[in-house]
Amino acid sequence: MADPALQLHVVERRYRQGEATLDILRGADLSVWAGQSVALIAPSGVGKSTLLHVAGLLEQPDGGDVYVGAEPTASLDDGARTRLRRTGIGFVYQFHHLLPEFSAIENVMLPQLIRGLTKAQARERAGELLAFLGLGQRLTHRPAELSGGEQQRVAIARAVANAPKVLLADEPTGNLDPGTADHVFATLTALVRASGLAALIATHNMDLAARMDRRVTLRDGKVVELA
Ligand code: ADP
Ligand code: MG
């Protein structure tokens with residue numbers, strides 16, 4: 001089998017809390033392959049966001065390594081990590097974090113312009129992505145003029161604008177009502193299948209998790225596969 005798109009190898013992460021040390025990740029192993037969607041399900045405070053931040057190269061692990069494609073990342077300097085994160089990894093948060101003064105299509109163009117694409121190239125890809133996500137009629141709307149579900153779909157389009165290999169999402173439908181969450185989720189999984197992304201998605205919603213390819217949880221700082 002090909003290399004995983006994302007691999008956590010005996011990852012450790014701990015936080016100082018005054019005198020105490022919180023060992024959140026204690027040798028976490030996880031592989032996610034291209035085209036695969038994995039649900040990360042665990043109670044609040046267990047370490048889902050920590051794991052996603054380490055997987056997304058936003059935080060350095062205290063031990064172990066994170067491989068993006070076949071590339072180990074622990075020894076990369078900050079510049080190299082940032083470049084790899086920009087092109088290799090997309091991130092979706094619970095809150096959309098779209099730029100309020102820009103339109104939907106401009107929000108999706110921005111990461112591509114930062115990468116160095118021309119405006120025409122960025123606009124074409126952004127338009128295609130938004131159309132795939134059902135937002136073809138909302139290109140020039142600003143975030144405040146969009147519904148919560150539409151805002152999250154724009155945030156998903158922005159996350160994959162640079163065609164990353166890996167998509168990480170931290171409770172992406174946590175702020176949405178159940179019907180809207182369902183629709184956003186269906187769109188997200190369709191995108192994962194169509195684009196061959198490897199997706200790791202933290203969620204509390206068991207119905208949504210049941211529709212993903214795999215389910216994992218965190219137990220004693222390790223990743224455990226669920227049925
Ligand atoms: P989850 O996303 O599953 O709710 P988190 O990964 O956010 O959990 O947090 C796991 C634990 O680590 C929590 O107890 C939290 O308080 C602690 N924690 C997270 N980030 C920090 C930090 N920067 N400094 C200290 N403790 C932290
Ligand atoms: Mg969290």
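The structure displayed is predicted, hence computed values, not measured ones. Just so you know, ligand 1 is whichever comes first in the structure, and atom 1 is the first atom listed for that ligand.
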| query | What do the steps show when you test Ser31 against Tyr67 for side-chain hydrogen bond (donor to acceptor under 3.5 Å, both in side chains), and what is the final call? | reply | CA-CA 9 Å; Ser31 295; Tyr67 295 77; over 6 Å; no
Please report which non-hydrogen protein atom sits nearest to [atom], along with the residue it belongs to and the distance in Å to one decimal place.
atom                    : result
atom 8 (O) of ligand 1  : Gly47 N, 3.2 Å
atom 13 (C) of ligand 1 : Gly45 O, 3.6 Å
atom 9 (O) of ligand 1  : Thr50 OG1, 3.9 Å
atom 7 (O) of ligand 1  : Ser49 CB, 3.6 Å
atom 27 (C) of ligand 1 : Tyr15 CD1, 3.2 Å

With atoms numbered from 1 as shown, which atoms in ligand 1 lie under 4.0 angstrom from a non-hydrogen atom of [X]?
X     : result
Ser44 : 4 (O)
Lys48 : 1 (P), 2 (O), 3 (O), 4 (O), 6 (O), 8 (O)
Ile24 : 11 (C), 12 (O)

| query | Do Asn162 and Thr87 have a side chain donor and acceptor closer than 3.5 Å? | reply | no
| field | Short side-chain donor-acceptor distance under 3.5 Å, Arg123 and Gln112 | value | no
| What do you reckon, does Pro43 put a non-hydrogen atom under 4.0 Å from ligand 1? | yes
| query | Does at least one non-hydrogen atom of Ala42 fall below 4.0 angstrom from an atom of ligand 1? | reply | no
| Same cluster for Ile156 and Ile89 if Ile/Leu/Val/Met/Phe/Trp/Tyr side chains link at under 4.5 Å? | no
| N or O pair under 3.5 Å between Leu22 and ligand 1 | no
| query | Less than 3.5 Å between some nitrogen or oxygen of Arg16 and one of ligand 1, yes or no? | reply | no
| request: Answer yes or no: is there an ion pair linking Glu225 with Arg214, defined by an N-O contact shorter than 4.0 Å? | output: yes
| field | Pairing of Lys165 and Asp3 as salt bridge, 4.0 angstrom limit | value | no
| request: Specify whether an N/O/S atom of Ser49 falls short of 2.8 Å from the Mg ion (ligand 2). | output: yes
| Are any of the protein's heavy atoms under 4.0 angstrom from atom 15 (C) of ligand 1, yes or no? | no
| message | Parallel, tilted or perpendicular, judged at 30° and 60°: which one describes the rings of Tyr93 and His97? | response | perpendicular
| query | Quick one: does Arg16's side chain have a donor or acceptor within less than 3.5 Å of a partner on Thr21's backbone? | reply | no
| said: Would you say that Thr173 contacts Leu176 through its side chain, given a criterion of any heavy-atom pair below 4.5 Å between the two side chains? | reply: yes
